[in-house]
Peer 1: 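For reference, the structure I am asking about is given below.
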Amino acid sequence: MTVLKTSMRNFFAHKGRMALSAVAVLLSVAFVCGTLVFTDTMNTTFDKLFAATSSDVTVSSKAAKSDSTPQNGRPDSLPASVLERAEKAEGVKYAEGAVSSMNVTVVNSANKNMGSSTGAPTIAGNWTRNDLRSMEITSGHAPRGPTETMVDADTADKHHLKLGDELRTIAVTGDFKARIVGIATFKVTNPGAAVVYFDTATAQRELLGTTGRFTEINLSAATGVTDDTLKRNVTASIGAGGYKVQTQKERADENRSGVGSFMDVIKYAMLGFAGIAFLVGIFLIINTFSMLVAQRTREIGLMRAIGSSRKQVNRSVLVEATLLGVFGSILGVGAGVGLAVGLMKLMSAAGMDLSTRDLTVKATTPVIGLVLGVVVTVLAAYLPARRAGKVSPMAALRDAGTPADGKAGLVRGIIGLVLTGAGTFALFTAAHADKASDGSLVLAAGVVLTLIGFVIIGPLLAGGVVRVISAVLLRFFGPVGRMAERNALRNPRRTGATGAALMIGLALVACLSVVGSSMVASATDELDKSVGTDFIIQGNQRIVPQAAKAIETTPGLEHVTHYRDIEAKIVAPDGSSDSDGVTAADPTYAQDLHRKTTAGELTAAYGKDSMSVGSKFATKHHVKLGDTLTVAFKGGSTAKLKVAAITDDDVAIDQGARYLSTQTMRKYLPADRIPPDQIMFASAKNGQEKQAYAALKKSMEQYPQYQVRDQSDYKQELKDQIGQLLNMVYGLLALAIVVAVLGVINTLALSVVERTREIGLMRAIGMSRRQLRRMIRLESVVIALFGALLGLGLGMGWGATAQKLLALEGLKVLEIPWPTIIGVFIGSAFVGLFAALIPAFRAGRMNVLNAIATD
């Protein structure tokens, strides 16, 4: 009880000094809890949606998948006879056929895409009674003929649609127009999909290209009949041969699994950044308690002199840490819920609608936040608490800091050097790996080992690095600069821990910058070397035939190349096989993409019953030039194709592609199974590049889902995509950097308190307030630059090693983004200045006499 009282008294006596450490705990716990609440809320939203849109029992094609569309762009469907047999099953209240397709684009009269900008699908189908489970018509009426359509209210609000507006739906079967006669509102939250409805006959004709077929059969159970019973009855009625019969729960689970992997990626990525913030916060907490213990040396010595044991002193510090962890974690849990709401609002503004009505805070979330925050805080405070327990009773009689342990420092240095050496060796091994998959694991080990090693040897590096930085930067500030340098060197362990917190975040920034820049530079270099086409046309969906025809008839083009990925199983002469498919293209593709071959000529692969394979495939399956491969086309027949070329797989574009001609594909694949183009290429007639580019843009105005790019556009798009990804990552890493800045502030603030008498003496012998504030600011800048120098150097090493692995996948150019690196380094100096503002201001306001009299 005495230990608890002492701990409580000390905690509240130094609550100002604990505040920033509590903020670090708060931010880290908030990010964890916010991530859990956000992803749980998204799961709840999708669960409600899938439960509401699934009928009691659903019958669909066995080949149908909820999250994909067949390669020909037309949904798998069932004959109407299945509906007739299903509705005769015992226990059926009513049965109806549904038509649905996600391979459509809907545009308004100005040819503006009405789909979501977040990647959510556009869904077109017929209006059924099953839709009343999740929607209600709030304006107008359901479509009754081929010229009428109904849209969901969210899409209508977002794109300012109203009754009477005309919409054009673009499907693989053709384009068709209809006017809006109704608007339906979701009863549950719609995460962002755009939904349009037609009458059944129109949906069948325009989306499936035929009548008398449905994509699924929805059945409602009669009163007292369970879903499982109805499923058994329907299965018996229609036969289970080529059909998939699912209960509402099974259907919802299947739909959920389609988004589950995506949700897991978001969840674990965000938790990873929260872990980095926790790691950085550990250094802040260690520094805080180390300095508090040092400042209370005499007090701890007195406690030992009057009978307190080492365990009691140790326990006292750990109780303070527990109080800090509990306080910060409780606030962090609340902040996490607020963060989740903020993320939901942000996503809604970006087009992915998430309602706070579905806000989900599971009982485990606050428990995880509290346990994690308290455990991390107590573990971080363990070393300072252990040092506190070593304070002797004699320390009460002298002005002494915590006991120095030379042996411990030597052991620490040896461990740090061993780990750093092991990590460096791992990075070297990864850089010389033969396979990227093998090297990535070694790279991860190297990153972890070098990071831990640098953290441990930080105090050893502090002396040399700080002196170098000071020699370059602080000599211009005379005696004030030299005092700032000595302050930074006074406690290398403290400087090392403070710099390490900043080092972690900046190391990751530098690594990702190097990787991102190298990817862009490599792709740009390969585009310059290998891409011979003038224009590239592609979108998020396959190119529908009518759009392909518009491209072909564009004036000023020398040639147009069709490019399709075809599902197929390939069997090598030795009996081994794979199902990675083939690429069907026109012979002009050999001009559009210059591919080196290790054997044969690529143009020969476009000959009759011929194909090419990649060098990796050839090596793995012992295939050589002239061999015959068995190619089983999905939905078509099996062909015997001669290997006429082996392409070099030491590239990034089309690595591993197996080429054959469009004519060969048509020979073995029925017309209704041939997929639309995945991408198309076009080259202008000599001297007509600008005119052809403008003409292509004009031809594709009717199809806003596709983009026409020349090579410069394509390079810029690639750069922008990687830049957006990096900016998002940098934004998440900003949390760790914010915590690191708090660490610098806390270190300086506690350092000022620790040096109160010293500061008073300096003021007494003539140092001005301005000089004092400058000294503290310079000390902060040196510490920040120390962390930045270590972090950027370490990160560039990681990035360079990662690029060596990317080179195995064809991305061969290493590019160091020096403007970014230099900018971050200079920015770190400003971070140091910012962090020192409050401590420097407080130091400058000290009363000189009171400061000198401080015990």
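What you see is a predicted model, and the numbers here were worked out from it, not measured in a lab.
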Peer 1: Side-chain contact, heavy-atom cut-off 4.5 Å: F46 with N255?
Peer 2: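 They are not in side-chain contact.
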Peer 1: How many angstroms lie between atom CG of L508 and atom CD1 of I276, to the nearest 0.5 angstrom?
Peer 2: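 Reported to 0.5 Å precision, the distance equals 4.5 Å.
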Peer 1: Where do V378 and Y382 land on the side-chain contact (heavy atoms from CB on, under 4.5 Å) test, with the steps shown first?
Peer 2: CA-CA 6 Å; V378 172; Y382 175 75; 6.0 Å; no
Peer 1: Is there a side-chain contact between L451 and M503 in this structure, where contact means two heavy atoms from C-beta onward sitting under 4.5 Å apart?
Peer 2: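 Yes; the side chains approach each other to less than 4.5 Å.
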Peer 1: Among D358, T44, T45, exactly one meets side-chain hydrogen bond (donor to acceptor under 3.5 Å, both in side chains) together with T189. Which residue is that?
Peer 2: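 Result for side-chain hydrogen bond (donor to acceptor under 3.5 Å, both in side chains) with T189: D358.
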Peer 1: Is the shortest side-chain heavy-atom distance between K267 and L36 below 4.5 Å?
Peer 2: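 Contact flag for K267/L36 side chains = yes.
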Peer 1: To the nearest 0.5 Å, how far apart are OG in S329 and CD1 in I368?
Peer 2: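 If we round to the nearest 0.5 Å, S329:OG and I368:CD1 are 12.5 Å apart.
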Peer 1: Just checking K362: does its NZ atom have more than 12 heavy atoms from other residues, nucleotides or ligands closer to it than 6.0 angstrom?
Peer 2: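 It does not: K362 NZ has 12 such atoms or fewer within range.
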Peer 1: Going by heavy atoms in the side chains, are V411 and I415 under 4.5 Å from each other?
Peer 2: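 The answer is yes; the side chains approach within 4.5 Å.
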Peer 1: Set out, in order, the CA-CA distance, both residues' side-chain angles and the distance that settles side-chain contact (heavy atoms from CB on, under 4.5 Å) for V29 and F278, then state yes or no.
Peer 2: CA-CA 8 Å; V29 171; F278 262 118; 3.8 Å; yes
Peer 1: Give the C-alpha distance, both sets of side-chain angles, the deciding distance and a yes or no for side-chain contact (heavy atoms from CB on, under 4.5 Å) between W798 and V515.
Peer 2: CA-CA 9 Å; W798 295 346; V515 171; over 6 Å; no
Peer 1: So, taking the atom named CD1 in I722 and the one named CG in N727, what distance separates them when rounded to the nearest 0.5 Å?
Peer 2: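 So the gap between those two atoms works out to 12.0 Å.
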Peer 1: Take a 6.0 Å sphere around CD1 of I838 and say whether it holds more than 12 heavy atoms from other residues, nucleotides or ligands.
Peer 2: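 It does not: I838 CD1 has 12 such atoms or fewer within range.
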Peer 1: Under the side-chain contact (heavy atoms from CB on, under 4.5 Å) rule, what do L502 and T498 come out as? Steps first, then yes or no, please.
Peer 2: CA-CA 7 Å; L502 194 59; T498 306; over 6 Å; no
Peer 1: Under a 4.5 Å cut-off applied to non-hydrogen side-chain atoms, are M519 and L726 in contact?
Peer 2: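 No, too far: nothing below the 4.5 Å cut-off.
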Peer 1: Does S28 reach the main-chain N or O of V25 with its side chain, forming a donor-acceptor pair under 3.5 Å?
Peer 2: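 Absent.
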Peer 1: I'd like to know if D253 pairs up with R256 as an ion pair, taking the criterion as any Lys NZ or Arg NE/NH1/NH2 lying under 4.0 Å from an Asp or Glu carboxylate oxygen.
Peer 2: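 Between R256 and D253 there is a salt bridge, with a charged N closer than 4.0 Å to a carboxylate O.
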Peer 1: Looking at F825, I'd like to know if its CZ atom is crowded, meaning that more than 12 non-hydrogen atoms belonging to other residues, nucleotides or ligands lie closer than 6.0 Å.
Peer 2: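 Enclosed: over 12 neighbouring heavy atoms sit under 6.0 Å from CZ of F825.
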Peer 1: E320 versus L324: any side-chain heavy-atom pair under 4.5 Å?
Peer 2: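 Of all side-chain heavy-atom pairs linking L324 with E320, none is under 4.5 Å.
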Peer 1: With rounding to the nearest 0.5 angstrom, report the OG to CG distance, S828 to L506.
Peer 2: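 Reported value, rounded in 0.5 Å steps: 4.5 Å.
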Peer 1: Any chance CZ of R357 has more than 12 other-residue heavy atoms, nucleotides or ligands included, within less than 6.0 Å?
Peer 2: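 Counting other residues, nucleotides and ligands, CZ of R357 stays at 12 neighbours or fewer.
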Peer 1: Mark yes or no for whether S780, through its side chain, and I776, through its backbone, hold a donor-acceptor pair below 3.5 Å.
Peer 2: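 Between the backbone of I776 and the side chain of S780 there is no qualifying donor-acceptor contact (under 3.5 Å).
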Peer 1: Between atom CE of M344 and atom CG of L359, what is the distance when rounded to the nearest 0.5 Å?
Peer 2: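 Reported value, rounded in 0.5 Å steps: 5.5 Å.
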Peer 1: Just checking D720: does its CG atom have more than 12 heavy atoms from other residues, nucleotides or ligands closer to it than 6.0 angstrom?
Peer 2: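 Enclosed.
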Peer 1: Grab the two heavy atoms, one from L49 and one from P191, that are nearest each other, plus how far apart they are.
Peer 2: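 The pair with the smallest heavy-atom distance is CD2-CD, 3.6 Å.
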Peer 1: Verify the distance criterion only: is there a donor paired with an acceptor across the side chains of D152 and T155 at less than 3.5 Å?
Peer 2: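 Short answer, yes.
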Peer 1: Any chance OH of Y730 has more than 12 other-residue heavy atoms, nucleotides or ligands included, within less than 6.0 Å?
Peer 2: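 Atom OH in Y730 is crowded, with more than 12 foreign heavy atoms closer than 6.0 Å.
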Peer 1: Looking only at atom types and distance, does a side-chain atom of Q803 sit under 3.5 Å from a main-chain N or O of L811, one as donor and one as acceptor?
Peer 2: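 At least one qualifying donor-acceptor pair exists.
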Peer 1: So do L449 and T420 actually touch side chain to side chain, heavy atoms under 4.5 Å?
Peer 2: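 T420 does not reach L449 side chain to side chain.
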Peer 1: To the nearest 0.5 Å, tell me how far T377 OG1 sits from I285 CD1.
Peer 2: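 The distance works out to 4.0 Å.
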Peer 1: For the residue pair V781 and I469, establish whether any side-chain heavy-atom pair is separated by less than 4.5 Å.
Peer 2: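 Sidechains of I469 and V781: no contact.
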